[in-house]
Amino acid sequence: MKNEMTSEMKIDLPPNSRFCMVVHYAEIGLKGSNRGLFENQLRRNIIRALSDTTLGSVERSFGRLLIYFPKSFDWPAISSRLKNVFGIAHFSPAVITDQSIGSITQAALMQMKQGGYKTFRVTTKRSQKEFPMTSPELSALIGAAIVKETGARVDLSNPEKSCFIEIFNKNSLIYSEKIAGLGGLPSGVSERAVSLLSSGIDSPVASWKMIKRGVRLIFVHFHSVPATTQASIENTKQLVKLLTEYQYKSKLYLVPFLAVQQQIMINSPADYRVLFYRRSMFRMAEMIALRERAAALVTGENVGQVASQTLSNIRVVNDAIQLPVLRPLAGEDKKEIINLAHQIGTFDISTEPYEDCCSLYVPRHPETKADPKKIEEIARQLDLNELHEQVLEQAEIIKFRHPEQLPTP
Ligand code: ATP
Ligand code: MG
């Protein structure tokens with residue numbers, strides 16, 4: 001990435017101008033009366049994401065956010081942080097200046113002076129209609145100045161480089177680079193959900209997808225220590241740490257699951273054990289959701305992937321609770337999930353060895369088409385409610401923050 005905006009470079013900034021980062025939203029623009037809410041949440045998230053950098057201020061301005069910095073700042077570090085902020089369509093290092101042709105021309109030349117391109121175009125967007133020129137007129141004028149200065153040629157249909165000009169509210173923004181953001185909605189605009197996080201490949205990807213839709217997640221992990229090692233707990237903590245980079249604050253419930261498993265093992269048919277383990281997980285996750293004012297659960301379930309994920313089995317597990325369960329990976333292929341896990345950075349943590357609590361005390365060929373009536377009958381006999389409450393009392397709760405020095409509210 002070019003280091004166009006570091007303070008070491010000799011750049012002639014027009015008078016009345018500042019460097020800033022302009023941030024364009026992804027879907028926020030579509031949200032009508034909720035727009036202010038979304039913009040404010042995105043603004044807060046950007047402030048959080050940049051809170052350990054030399055951030056100046058973040059201002060809402062006519063359908064975009066402008067991030068200002070003091071004189072010197074670490075542009076690659078800021079860029080890599082913004083790349084993880086959900087709700088951003090793209091962002092650009094820009095110059096903000098007045099609306100005189102002289103200032104706009106100088107800022108455009110500054111943005112375009114880094115050579116290496118033969119063709120370019122100027123694209124002007126004018127949201128202030130009283131500006132004395134039309135967009136094509138201004139583009140042509142600035143384009144001519146760039147041709148004169150650089151010798152490059154105008155190509156409107158397939159340019160190697162673009163100069164973008166935005167005219168609004170007595171200001172002009174000029175930039176030449178659009179860096180893609182992640183899209184999605186700002187974390188925290190869509191209520192809360194409890195995410196069941198194993199230390200496998202799927203559930204961290206499912207969690208990431210829901211954070212991308214603005215949902216604030218509370219994580220729960222069920223472990224079978226001391227019958228297993230601590231490995232799944234350690235892996236899960238690593239995963240939550242990584243996912244917290246996208247939602248800034250997280251809570252992880254570590255629930256000791258062994259006592260529940262032992263009850264189920266003693267009192268239910270072997271073929272059904274996994275289903276009752278899973279029903280208990282769902283039930284306890286729902287209890288956490290009620291306590292945390294969360295409206296749904298999230299899992300990494302994927303239709304047909306393993307015996308417990310046939311539609312019949314998904315149904316009988318679901319029957320144990322009232323809250324809706326979001327399964328963002330239900331229809332994905334394993335390959336697609338693995339690709340995404342690599343992209344997010346969870347794959348290597350998820351493939352660290354660990355013992356899965358669900359694989360304890362289960363037969364090799366569990367039931368794949370459970371009968372709901374039979375399940376309900378056994379569930380009544382098992383009567384695990386009290387045990388669930390006791391076990392939840394023993395859960396360890398860990399809090400995470402990103403960046404780590406984020407101030408406590
Ligand atoms: P994953 O890759 O997420 O572990 P999986 O393909 O191994 O999923 P299952 O083991 O059937 O499938 O688990 C299905 C879902 O149930 C997981 O995606 C996760 O949401 C939840 N889950 C499974 N085990 C645990 C656990 N120990 N703690 C919390 N949630 C769990
Ligand atoms: Mg698993």
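This structure is a prediction, so every number in the text was calculated from the model and none was measured. Ligands are counted one by one from 1 in listed order, and the atoms in each one are counted from 1 as well.
In this structure, R291 fails the cation-pi test against Y253, since its NZ or CZ atom is not both closer than 6.0 Å to the six-membered ring centre and inside 45 degrees of the ring normal.
Closest to atom 2 (O) of ligand 1 by heavy atom, among I337, L297, D202, V298, is D202. When S198, S199, S350, A285 are checked for heavy-atom proximity to atom 25 (C) of ligand 1, S198 turns out nearest.
When heavy-atom distances to ligand 1 are checked against a 4.0 Å cut-off, L197 comes that close only through its backbone atoms N, CA, C and O.
Two rings, from F86 and Y246, have their centers less than 6.0 Å apart.
Ligand 1 has an N or O atom lying under 3.5 Å from an N or O atom of S203, backbone or side chain. Considering backbone and side-chain N/O atoms, G300 comes within less than 3.5 Å of an N/O atom of ligand 1. Backbone and side-chain nitrogen or oxygen atoms of M281 are examined, and none is located within less than 3.5 angstrom of a nitrogen or oxygen of ligand 1. Close N/O approach between F222 and ligand 1 is found [any backbone or side-chain N/O within under 3.5 Å].
Nearest heavy atoms, K249 versus T244: N-CG2, 3.8 Å.
With ligand atoms numbered from 1 in the order given, ligand 1 contributes 2 (O) to contacts under 4.0 Å with heavy atoms of I201. Remark: ligand 1 atoms within the under-4.0 Å shell around heavy atoms of T299 are 20 (O). Residue contact check: V220 has heavy atoms under 4.0 Å from atoms 29 (C) of ligand 1.
Using modelled atom types and a 3.5 Å distance limit, the side chains of S17 and T97 yield a donor-acceptor pair.
The local environment of CD in Q394 is crowded, with over 12 non-hydrogen atoms from other residues, nucleotides or ligands closer than 6.0 Å.
Between F120 and Y117, the angle of the ring planes goes over 60°, which puts this pair in the perpendicular group of the 30/60° scheme. A tilted orientation is assigned to the rings of Y175 and H24, their planes being inclined by 30° to 60°.
Under a 4.0 angstrom heavy-atom cut-off, R278 registers as being in contact with ligand 1.
Side-chain contact between D52 and R81: present, with at least one pair of heavy atoms (C-beta onward) separated by less than 4.5 Å.
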